[in-house]
S.K.: 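One structure coming up, written as structure tokens, with questions to follow.
Order of the sequence lines sets the chain letters (A, B, ...), proteins ahead of strands, with each chain counted from 1.
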Amino acid sequence: MPSLLSLSKIHKAMNLASLYLSSPINQLAPEPVEFAALTRLVSCKSIAQLKQIHASIIKTKPPQTQEQKQLLYAKLILHCSDDDAGYASSVLARLDSSDVFVYNETIRKFARSQGSCFMALVAFKVMLENGVVPDRYTLPFVLKACAEMREVGVGRVVHGFVVKCGMVVNLYVKNTLMRLYAVCGGVGDVQKVFDGSPERDLVSWTTLIQGCVKSGLAKEGIDAFFEMGEENLRADEKLMVVVLSGCARLGDLQLARRMYRYVCENRLNVDVFVGNALVDMYMKCGDLDFAWKVFNDMDEKNVVTWNAMIAGLAQLGEFKEALSVFRRMQKLGLRPDDITLVGVLNSCANSGALELGKWVNAFIDKNGILADGYIGNALVDMYAKCGSIDEALRVFASMKYKDVYSYTSLIVGLAAHGQAEKALQVFAEMPKKVIKPDEVTFVGVLTACSHAGLLQEGQKHFEDMSDVYNLSPLPEHYGCMVDILGRSGLIDEAEEFIQKMPIEPDAFVWGALLGACSIHGRVVQGKWVLEKLIEIEPGKDGAYILMSNIYSSASRWKDALKLRKSMKDQKLKKAPGCSSIELDGTVHEFRKGDKSHPKFQQIHAMLDNITFQLKNVEHAANSCELL
DNA sequence: CTAGGGTTAG
């Protein structure tokens, strides 16, 4: 108990309380106080009204007994809204009750809403100072307040207190304690509490699994679920939702189907939560048809249902489809929330739907939504990917809270627009704002260096990755370096660089080297690299095409033809090419081999025309080369 | 007077 009193946070709160105690409004409460119009408090709506009643009670009929006084104070506190923390704490400080129930009610009230959780801790402190011993009801409220505030520090002290009074065995206490650690990201601690006492129920399992899933250990969470089954416990809807979201993260379709069977076999009610979790799970596991089936079968849908569909489609690369779902949602008059907008912007970004993206931007402005955080980042990315780099810069500049995502979106965007110098400038801003770049940021930085041919600068950033930022370079970073070296003509150095890689080079790394061979006409080396690439990813066509270009540029037509023939013989699956363009607000999507566009004929006639004219130019260019 | 649920960007 004493350790709690030393908490600086609570001390700060008490200082706040004493500050309010000396403010004029509180001098309205002189002793002895009065008690009469308590009934009027029940209908009291505002803090002003409350204080008025308080004052009139004091003036007319003060409470006669200690009990009446305490009752008055307790009622006053319970009638305070979240913003009245100052007033509440001043009354609280005079609440000299020894009744646990009075404190429990007070703490419960404060812990119930976000804005007043701090007051719950203050009330707890007053309780302890008044020598009142917390019971099994008090602690869940206090722990809940800590969890809401993400105050693990205070939570740990309360935990110590819980252990001291042997309260861990109470399931409610134990489960709220687990929840505290779960929301604060400490799976290890959740597990410890879980293992700490033998009694556990569905809530304990739900919290444990939630803790795993939320901290990226979905596999462990699912394992725990099966372990639970061995104890002959059956999941309910709330637990199922958590398990389904874990499966969604794993992206394992087989597991997903197994979980769906579990839902059916156990006759779980597919309410809007379970339905949403199912839709999300099937989307993330790639079973679009079944996701649609669940979606259509749901009789109650909400914005989350639509969001799951939109975000899921965007993630599957079905951007056009995602946007059409958004339009359907709008036709039904459903209001999108910020998560909808992020999904829509993501789809715009990846399908080039600048007009719709601008519309979303206007929607955001019109509705007074702050273009910050997630939304701001999605806007920056959308503008950058749709070619409006200046708009991306504008949104970025207007953002108040910038994080690593904001910077990365812009840096990657600038690099893609050939503005390497600007990209590096923006990158240089990050340390000043104390924002730590991550792996993706460095992909942007290194691409910028590669496009601008900045060999030394690229090398320096690459070294900084591990030396300064403690990041382990991924294959794509090595790929960028190979690209930088290759473009500078240092092909042997690039090859040596690959040999020295501490991780296994992947197709992108070898691909970058092959690209370099192609630029510099290295036929022999190219052939060798091609063999490497075939080893790693047989059946892909990209490397063959690159190599056949190398042969062609070296005028080794026979070799080029041989290679093309071997591609045909192997029936190589071609990477599905896809591109899209927006015209008057409609996105037109083109896929390799897809003839479904209404103007397919005309488009191809035009393409033939362009190809024909290009051939003439090419011919001229090639002739020049021969001279 | 007590605890556990779904969707989010580079």
S.K.: With a 4.0 Å limit, can you tell me whether A/Lys144 has a side-chain N or O closer than that to the phosphate oxygens OP1/OP2 of B/dC1?
M.R.: no
S.K.: At under 4.0 Å between heavy atoms, what does A/Ser409 touch on the DNA or RNA strands: base, sugar-phosphate, or nothing?
M.R.: sugar-phosphate
S.K.: According to a cutoff of under 5.5 Å between the ring centres and under 30° between the ring planes, does A/Tyr405 stack with the base of B/dA9?
M.R.: yes
S.K.: Heavy atoms under 4.0 Å, any strand shown: does A/Val440 hit a base, just sugar-phosphate, or nothing?
M.R.: base
S.K.: By ring pair (Phe, Tyr, Trp, His ring centres under 6.0 Å), which residues pair with A/Phe508, not counting sequence neighbours?
M.R.: none
S.K.: Between A/Arg179 and B/dG4, is there a contact of a side-chain N or O with OP1 or OP2 at under 4.0 Å?
M.R.: yes
S.K.: Looking across every strand, which nucleic acid part, if any, lies under 4.0 Å from A/Asp280 by heavy atom: base, sugar-phosphate, or nothing?
M.R.: sugar-phosphate
S.K.: Among the nucleotides B/dT7, B/dA9, B/dG4, which one has an atom lying closest to any side-chain atom of A/Ile339?
M.R.: B/dT7
S.K.: When we call it a touch if two heavy atoms are under 4.0 Å apart, what does A/Asp99 touch: a base, just sugar-phosphate, or nothing?
M.R.: nothing
S.K.: State whether the distance check finds a donor on one side and an acceptor on the other, under 3.5 Å, for side chain A/Thr206 versus base B/dG4.
M.R.: yes
S.K.: Within the side chain of A/Ser347, is there an N or O that forms a donor-acceptor pair under 3.5 Å with the backbone of A/Gly343?
M.R.: yes
S.K.: Testing the 3.5 Å rule here: is there a donor-acceptor pair between the side chains of A/Arg234 and A/Tyr262?
M.R.: yes
S.K.: Could you tell me whether A/Thr340 contacts a base, only the sugar-phosphate backbone, or nothing, with contacts defined as non-hydrogen atoms closer than 4.0 Å?
M.R.: nothing
S.K.: Is there aromatic stacking of A/Tyr172 against B/dA3, centre distance under 5.5 Å, plane angle under 30°?
M.R.: no
S.K.: What about A/Asp271: does its side chain form a donor-acceptor pair under 3.5 Å with the base of B/dG5?
M.R.: yes
S.K.: Answer yes or no: is there a donor N or O on one side and an acceptor on the other, between the side chain of A/Asp189 and the main chain of A/Tyr181, under 3.5 Å?
M.R.: no
S.K.: Using a 4.0 Å heavy-atom cut-off across all strands, classify A/Asn170 as base, sugar-phosphate, or nothing.
M.R.: nothing
S.K.: Reckon A/Val272 touches a base, only the sugar-phosphate, or nothing at all at heavy-atom distances under 4.0 Å?
M.R.: base
S.K.: So, do A/Trp306 and A/Phe295 have ring centers that fall under 6.0 Å from each other?
M.R.: yes
S.K.: With a non-hydrogen cut-off below 4.0 angstrom, is A/Leu202 in contact with a base, only sugar-phosphate, or nothing?
M.R.: base
S.K.: Report the residue from A/Val193, A/Val173, A/Leu143 that forms a side chain to side chain contact (heavy atoms under 4.5 Å, CB included) with A/Met178.
M.R.: A/Val193
S.K.: Examine the base of B/dG10 for any acceptor or donor lying under 3.5 Å from a partner atom in the side chain of A/Asp438, and report the outcome as yes or no.
M.R.: yes
S.K.: When the side chains of residues 411-430 of chain A are checked against the rest of the protein, which donor-acceptor pairs come out under 3.5 Å, sequence neighbours left out?
M.R.:
residue  : atom : partner  : partner atom : Å
A/His417 : ND1  : A/Gly413 : O            : 2.8
A/Glu429 : OE2  : A/Lys432 : NZ           : 3.4

S.K.: So which of residues 297-308 of chain A are in contact with DNA chain B, with a heavy-atom cut-off of under 4.0 Å?
M.R.: A/Asn302, A/Val304, A/Asn307
S.K.: Using a heavy-atom cut-off of under 4.0 Å over every strand shown, decide if A/Val173 touches base, sugar-phosphate, or nothing.
M.R.: nothing
